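Worksheet: one structure, shown below.
Quick caveat: nothing in here was measured; it's all calculated off a predicted structure.
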Number of protein chains: 2
Amino acid sequence: MPPKDQGVTKTRLLDAALRVIRAQGYSATSVDDLCAAAGVTKGAFFHHFKSKEALGIAAADYFSAFADSVFAAAPYRQLKDPVDRLLGYVDFRRAILQGQLPDFTCLVGTMVQETYDTHPAIRDACNKSISDHAAMVEADIAQAMKARGIKAEWSAESLALYTQAVIQGAFILAKAKGGPQVAAECLDHLRRYLECIFHHPARKGQ
Amino acid sequence: MPPKDQGVTKTRLLDAALRVIRAQGYSATSVDDLCAAAGVTKGAFFHHFKSKEALGIAAADYFSAFADSVFAAAPYRQLKDPVDRLLGYVDFRRAILQGQLPDFTCLVGTMVQETYDTHPAIRDACNKSISDHAAMVEADIAQAMKARGIKAEWSAESLALYTQAVIQGAFILAKAKGGPQVAAECLDHLRRYLECIFHHPARKGQ
DNA sequence: ACACACATACCAACCAGTTGGTATGTGTCA
DNA sequence: TGACACATACCAACTGGTTGGTATGTGTGT
C-alpha cells in the first residue's frame, strides 16, 4: 500500500535519528540502532538513504524544518516591537527547556562537533541550519537597532550568532550537569545583555 | 630503562587522544587510531588504560591539568583589579584562538556531548573539568562584585558558567563555519556584557 | 628470580553497505 | 477492460572489514 504509507518509513527513520543521535551522538549511532528505533529493516534504510552520511544530512535538514515551523508559530512572533520580539525569542527558548535533554537540545550543534573535520557535507548542512536560524534572529535585531537608533561596532549578524553561541553552549553545560537549569540561567544572562544593548528596562525579579 | 621512560608511552597516548578526539570526536576515534597516532601498540594501550572509557576519563583530566597550567601562567593573572582580571581572561581566551580548530577547541566540551547519556563516568570527568575552570573565573567575579559593590539577582557562579557557555558555543560555531573568527566576535560580545555589568568603560575601536 | 613495560596474535561482536528477491502500485496502448 | 512494462517500497541474508578487548609472549632493569 505505497500511497497510504508514502513517506512514512522515511519519516520514522528521521524521527528516530533526531531522538537517537541527540542522545548518543552521530558516530555512536549505528544504522542498526536507527532501524531498531524506527522499527524498520536495514533494506528500507538504504532504500531511502544512500549512506549513513546522507541520513545525517537529511536529519539536519529535517531538524531545521521542524525548528522553523516551531519558531514561526511561536506567540512572540506576533509582538509589534522588534526589541520585544528579540527578548521574546530568548524567553521562548528558555520556556522550551522542558523534558529530557535529548528532547530540547540541538541536533546540528551535536553533530557538527563530531563531523566538522571528517564529514564536510554534514558540517555544511549543520552550518546552514544554524545560519538560517540565526538569520531569523538577525532580522529582528536589525529592526531593533533601527528602531532604537543604535549604531554599533558590531553587526546584527554578529549579535545573532552570539545568541546561538550562548544557546549551544548552554546545551553543553546542561549535558555536563545533567539538567536544564544551568541553561536557563545562561539565557537569563543573554537577556540581560540584550536589555543592556537596547536600553530596555530589566524585568523585576530577574 | 623504565625510570627514564616513566610515563612516556602513557603521555604519548594522552597527547594523541587530545589531538584525535578533538578532530574526530570520542566515538569515531578507535583505540587503533589512538595507538597509530601515538606510535604505540594496542598492548601498550591496554597496559595503561583498562578500557577506552578509562582513556576518555584520563584524557579529560589530562586536558584539565594542561588548561590549569596555561591559565595559571597567563599574564592577565598578575593584574591587581579583579575586573581587569576578568576582562583579561576573556581577552586571553580570544588571543589563544590560533592555529587549526583541534588545537584550541575544548576536549571536554566535545566529549560530553557524545557521552552524557551513555558514559556517565566520562560525563562526570568533563563536568568536573568545566566546573573547576569555571570556579577559577568565579573567584575573580566574586572579587569584582565585592570591589564594585555589586548586588545582583544572579550569582558569581552563574556568571562564571555563562562565560563557559559562551566559549563552548563559540567553538561549535567556529567548527560549523570552519574558522575561529566567529568565536572571536562572540568573545567580544561577552566582554561587552561584562563591561556593562561592572560599569567598565568600553575599549576604543570595539 | 621477578615485576614491569611493552609486543604479537588473536577473538567474537559489530559495522556500513550489498545482494537477490517479493509485493504492490502506475502508466500505456490495444 | 485488461495485459504488459516498469517503478517503488521493502525485506532477510550476507559480506568484507573494523571494533574493543584478551591471552600470551618477550625483553629489561633490579
Side-chain angles (χ1 to χ4, degrees), chain A residues 1-17 20-21 23-60 62 111 114-115 117-123 125, chain B residues 1-21 23-60 62 111 114-115 117-123 125:
Chain A
M1 41 292 203
K4 270 189 192 169
D5 291 8
Q6 198 91 48
V8 167
T9 300
K10 192 170 185 175
T11 302
R12 283 165 67 87
L13 278 165
L14 288 168
D15 285 329
V20 181
I21 296 178
Q24 307 184 349
Y26 172 79
S27 302
T29 300
S30 70
V31 173
D32 283 332
D33 286 344
L34 258 10
C35 293
V40 307
T41 62
K42 220 165 174 179
F45 181 98
F46 284 101
H47 172 74
H48 290 287
F49 306 101
K50 79 172 208 290
S51 66
K52 186 188 172 187
E53 186 181 51
L55 178 276
I57 296 165
Y62 185 70
M111 276 207 299
E114 295 181 71
T115 59
D117 206 44
T118 49
H119 296 77
I122 296 182
R123 184 203 59 211
Chain B
M1 40 262 257
K4 267 190 192 169
D5 291 7
Q6 197 89 50
V8 167
T9 299
K10 191 170 186 174
T11 302
R12 283 166 66 87
L13 278 165
L14 289 168
D15 284 330
L18 253 58
R19 266 181 293 125
V20 181
I21 296 177
Q24 307 184 351
Y26 172 79
S27 301
T29 300
S30 70
V31 173
D32 284 333
D33 286 345
L34 257 11
C35 293
V40 307
T41 61
K42 222 164 170 178
F45 182 97
F46 283 101
H47 174 72
H48 289 287
F49 305 101
K50 76 171 210 290
S51 66
K52 187 190 170 186
E53 185 180 51
L55 178 276
I57 296 165
Y62 185 70
M111 275 207 299
E114 295 181 71
T115 59
D117 207 44
T118 49
H119 295 76
I122 296 182
R123 185 203 58 211

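Rounding to whole angstrom units, CG of residue Leu13(B) and P of dA5(C) are separated by 14 Å. Going from atom CZ of Phe45(A) over to atom P of dA16(C) covers 8 Å, rounded to whole Å. One atom, NE2 of His119(A), and another, P of dA16(C), lie 10 Å apart when rounded to the nearest Å. The interatomic distance linking Phe49(A) (CZ) with dT18(C) (P) rounds to 16 Å, in whole Å. Whole-Å rounding puts the Phe46(A) CZ to dG17(C) P distance at 5 Å. Note: NE2 (His47(B)) to P (dC4(C)) measures 9 Å, nearest angstrom.
Look at Ser30(B) and you won't find any side-chain N or O under 4.0 angstrom from OP1 or OP2 of dT18(D).
Sorted by residue number, the members of residues 31-39 of chain B with any non-hydrogen atom under 4.0 Å from DNA chain D read Val31(B), Asp32(B).
The two atoms that bring Ala58(A) and Phe49(A) nearest to each other are CB-CE2, 3.7 Å, heavy atoms only. Closest approach of Thr9(B) and Val40(B) over heavy atoms only: CG2-CG1, 3.7 Å. Of all non-hydrogen atoms in Lys52(A) and Thr29(A), the two that sit nearest each other are NZ-O, 2.9 Å. Here the closest non-hydrogen pair linking Leu18(B) and Ala59(B) is CD1-O, 4.0 Å. Closest of all the heavy-atom pairs between Ala17(B) and Leu55(B) is CB-CD1, 4.0 Å.
Residues satisfying the side chain to side chain donor-acceptor pair (under 3.5 Å) test with Thr41(A), not counting sequence neighbours, are none. Listed by chain and residue number, Tyr26(A) satisfy the ring-ring contact (aromatic ring centres under 6.0 Å, His included) test with His119(A) (two or more places apart in sequence, or in another chain). In terms of the side chain to side chain donor-acceptor pair (under 3.5 Å) criterion, Ser51(B) has no residue partners (sequence neighbours excluded).
With 3.5 Å as the limit, one finds a donor-acceptor pair spanning the side chains of Ser27(A) and Glu114(A).
Within 4.0 Å of Thr41(B), counting heavy atoms only, lies at least one base atom of the nucleic acid. Counting any heavy atom pair closer than 4.0 Å across all strands shown, Thr29(B) reaches sugar-phosphate atoms only and no base atom.
Minimum atom distance to the side chain of Val40(A) is reached by dC11(D), of the listed dC11(D), dA16(C), dC6(C).
Put simply, the side chain of Ile21(B) reaches to within 4.5 Å of the side chain of Met111(B), judged on heavy atoms. The closest side-chain heavy-atom distance from Thr11(A) to Asp15(A) is below 4.5 Å. Within the 4.5 Å cutoff, side-chain heavy atoms of Lys42(A) are placed close to those of Val31(A).
Map Lys50(A) and Ala28(A) each onto its nearest nucleotide of DNA chain C; the residue landing nearer the 5' end is Ala28(A). Nearest-nucleotide positions on DNA chain D for His48(A) and Lys42(A) put His48(A) closer to the 5' end.
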Are any protein N/O atoms closer than 3.5 Å to N/O atoms in nucleotides 19-22 of chain C? If there are, list each pair with its distance.
none

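Scanning atom types as modelled, no donor and acceptor separated by under 3.5 angstrom connect the side chain of Lys52(A) and the base of dG17(C).
One axis for each end of the helix from dA1(C)-dT30(D) to dA30(C)-dT1(D), each built from five base pairs, and the angle between them comes to 0° at 10° resolution.
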